[in-house]
Colleague: 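What follows is a single structure, and I will ask about it in a moment.
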Amino acid sequence: MVFRARGWRPPPPPLLLLLLWVTGQAAPVAGLGLGSETELQIERRFVPDECPRTVSSGDFVRYHYVGTFPNGQKFDSSYDRDSTFNVFVGKGQLIAGMDQALVGMCVNERRFVKIPPKLAYGSEGVSGVIPPNSLLHFDVLLMDIWNAEDQVQIHTYFKPPSCARTIQVSDFVRYHYNGTFLDGTLFDSSHNRMKTYDTYVGIGWLIPGMDKGLLGMCVGEKRIITIPPFLAYGEDGDGKDIPGQASLVFDVVLLDLHNPKDGISIENKVVPENCERQSQSGDFLRYHYNGTLLDGTFFDSSYSRNRTFDTYIGQGYVIAGIDEGLLGVCVGEKRRIVVPPHLGYGEEGRGNIPGSAVLVFDIHVIDFHNPSDSISITSHYKPPDCSVLSKKGDYLKYHYNASLLDGTLLDSTWNLGKTYNIVLGSGQVVLGMDMGLREMCVGEKRTVIIPPHLGYGEAGVDGEVPGSAVLVFDIELLELVAGLPEGYMFIWNGEVSPNLFEEIDKNGDGEVLLEEFSEYIHAQVASGKGKLAPGFDAEMIVKNMFTNQDRNGDGKVTAEEFKLKDQEAKHDEL
């Protein structure tokens, strides 16, 4: 049912004609004589349990009837015309007996009425239809009643506990309804179409009675709106489902409302006490959300996918309302963002989001960063003697707790009961950690915050580190072994023997094999005369040193091949 406003006219002035319409009826059966009953008789054959209103003189009624003579022969019926009889009561538009018989009736009440000739057509009758002095029987069913003084009636039978906003003129609403006549007959239902009715209120898109009846409603409210015909479809009806002069009853539940001038609304649920930084346009956020319609209907959740929603904000990657609503948040903050449709999915909607729907997002911000961010270092403790600082090449042993910005623990060496050991600057940890361990002294404790582009990036680590996650490392450096100068894997701690080759070639055959070379180097390290780069496999270093000296690759080094590093144009390992 499309509730478009129609032109309407007030009820016509009373006619001076008898309105018992018998046009086209068969001629009466001969022999019908004067009725023996002389007084109006009324038998109430059915009275509904609920009767909020009864017919009074001056009311307009719609009713069905069957008119018969005492012998049961029908002389007229509104059912045969498939149309109710519509008339004012008590204004001389009916025979006197019917004017009296209708008074006090309820909608859906059925009466059997016997009207004597003096209250019907008397001694004249109706030529060819009602013989003179006829007693008439009417079986009457009242369908509708209204008065020209009536207004829209509103009965609210459910109102939600909280109601932040009600319908005002020019608001756009989405609601469900069942539309019935006063007798309960259904003529239309949005529920049957499984689609809300969506419209502006108060600007003439609806019949006047509905425009008025919807004002002041809350989302979730349920009300019954009863509309007299002169505020509905008037004398003509809608030409299809609604007859003329019909009162209408709408059982309405409001699902949604907004105004085209609305912006987003933000309600802060939880704001962390410590908020060192708020999100800005261009930041990359990871957040969880539940998405519902304004009436609470669920449409989406990141929690159900067990994965945060990750996006840039302020750059059009998400709907405009969320782009705006995520600005100025803190890590760990929870807020509710209400987004009107023109800042959401508009008139068309998307997926299971209907068109013109207001959206409600309950957001929990897990972390955010900016692509221009570097690491952040906060030192919590430094020992009194903090003169030896870590540098590239040093071998470090440290403990750490690794967590996300929201405090979720990812890993801990303390829990494993062993330190994590690396050579600084060798690519053994993510770049942000390598940077965070620089210039640190033994015993120092610090927190290092690493943005994802200096951590595990968009991919993360499957099952361990979420993609695009900011990482927090709480670190304690326990041991530092100084590394070698850059480019060296072995150095001499003292003067190098001028007869180095001869010392290595113990059997004096002029050739040094790997076994001889390895034995000699390890002996120098053991005696403190030489030093291998800490943190690497010693055997691999020695083998690489030997390979560098074995220039022709024949598995042995001769005196001609053997050179120290400072004798090489290119770096060597000895």
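Residues: numbered from 1 along the sequence shown. The structure displayed is predicted, hence computed values, not measured ones. Any value given below was found using the heavy atoms of this structure, including those in side chains, with hydrogens, waters and symmetry copies removed.
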Colleague: Give a yes or no on whether a salt bridge exists between Asp362 and Lys334, defined as a side-chain N under 4.0 angstrom from a carboxylate O.
Modeller: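 No salt bridge links Asp362 with Lys334.
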
Colleague: Counting N and O atoms only, with roles assigned by atom type, does the side chain of Arg111 sit under 3.5 Å from a partner on the main chain of Ala101, one being a donor and the other an acceptor?
Modeller: yes

Colleague: Is the backbone of Ser374 close enough, under 3.5 Å, to the side chain of His369 for a donor and an acceptor to pair up by distance?
Modeller: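 No.
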
Colleague: Please say which of Val253, Thr196, Leu214, Leu255 ends up in a side-chain contact (heavy atoms from CB on, under 4.5 Å) with Tyr175.
Modeller: Leu214

Colleague: Hey, do the aromatic rings of Trp414 and Tyr400 have their centres closer than 6.0 Å?
Modeller: no

Colleague: Nearest 0.5 Å, what's the CZ-NZ distance between Arg336 and Lys269?
Modeller: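 Going from the CZ atom of Arg336 to the NZ atom of Lys269 covers 4.0 Å.
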
Colleague: If we ignore hydrogens and angles and just use 3.5 Å, is the side chain of Arg223 paired with the main-chain N or O of Gly213 as donor and acceptor?
Modeller: yes

Colleague: Of Ile264, Leu359, Leu294, which meets side-chain contact (heavy atoms from CB on, under 4.5 Å) against Val338?
Modeller: Leu294

Colleague: Between the main-chain N or O of Phe88 and the side-chain N or O of Gln93, is there a donor-acceptor pair closer than 3.5 Å?
Modeller: yes

Colleague: Report the residues that fulfil ring pair (Phe, Tyr, Trp, His ring centres under 6.0 Å) with Phe172, sequence neighbours left out, ordered by chain and then residue number.
Modeller: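 For Phe172 the ring pair (Phe, Tyr, Trp, His ring centres under 6.0 Å) partners, ignoring immediate neighbours, are Tyr200, His258.
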
Colleague: Looking at Arg277 and Asp373, is any side-chain nitrogen of the basic one under 4.0 Å from a carboxylate oxygen of the acidic one?
Modeller: yes

Colleague: Before accepting this row, confirm whether a basic side-chain N of the pair Arg53/Asp59 lies closer than 4.0 Å to the acidic partner's carboxylate O.
Modeller: yes

Colleague: Can you confirm if the aromatic rings of His191 and His176 lie within a centre distance of less than 6.0 Å?
Modeller: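 Between His191 and His176, which both carry aromatic rings, the centre distance is below 6.0 Å.
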
Colleague: Could you tell me whether Tyr345 and Phe299 have their ring centroids closer than 6.0 angstrom?
Modeller: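 Aromatic pair excluded; centres sit 6.0 Å or further apart.
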
Colleague: Would you please indicate yes or no on a ring centroid separation below 6.0 angstrom for Phe284 and Phe368?
Modeller: no

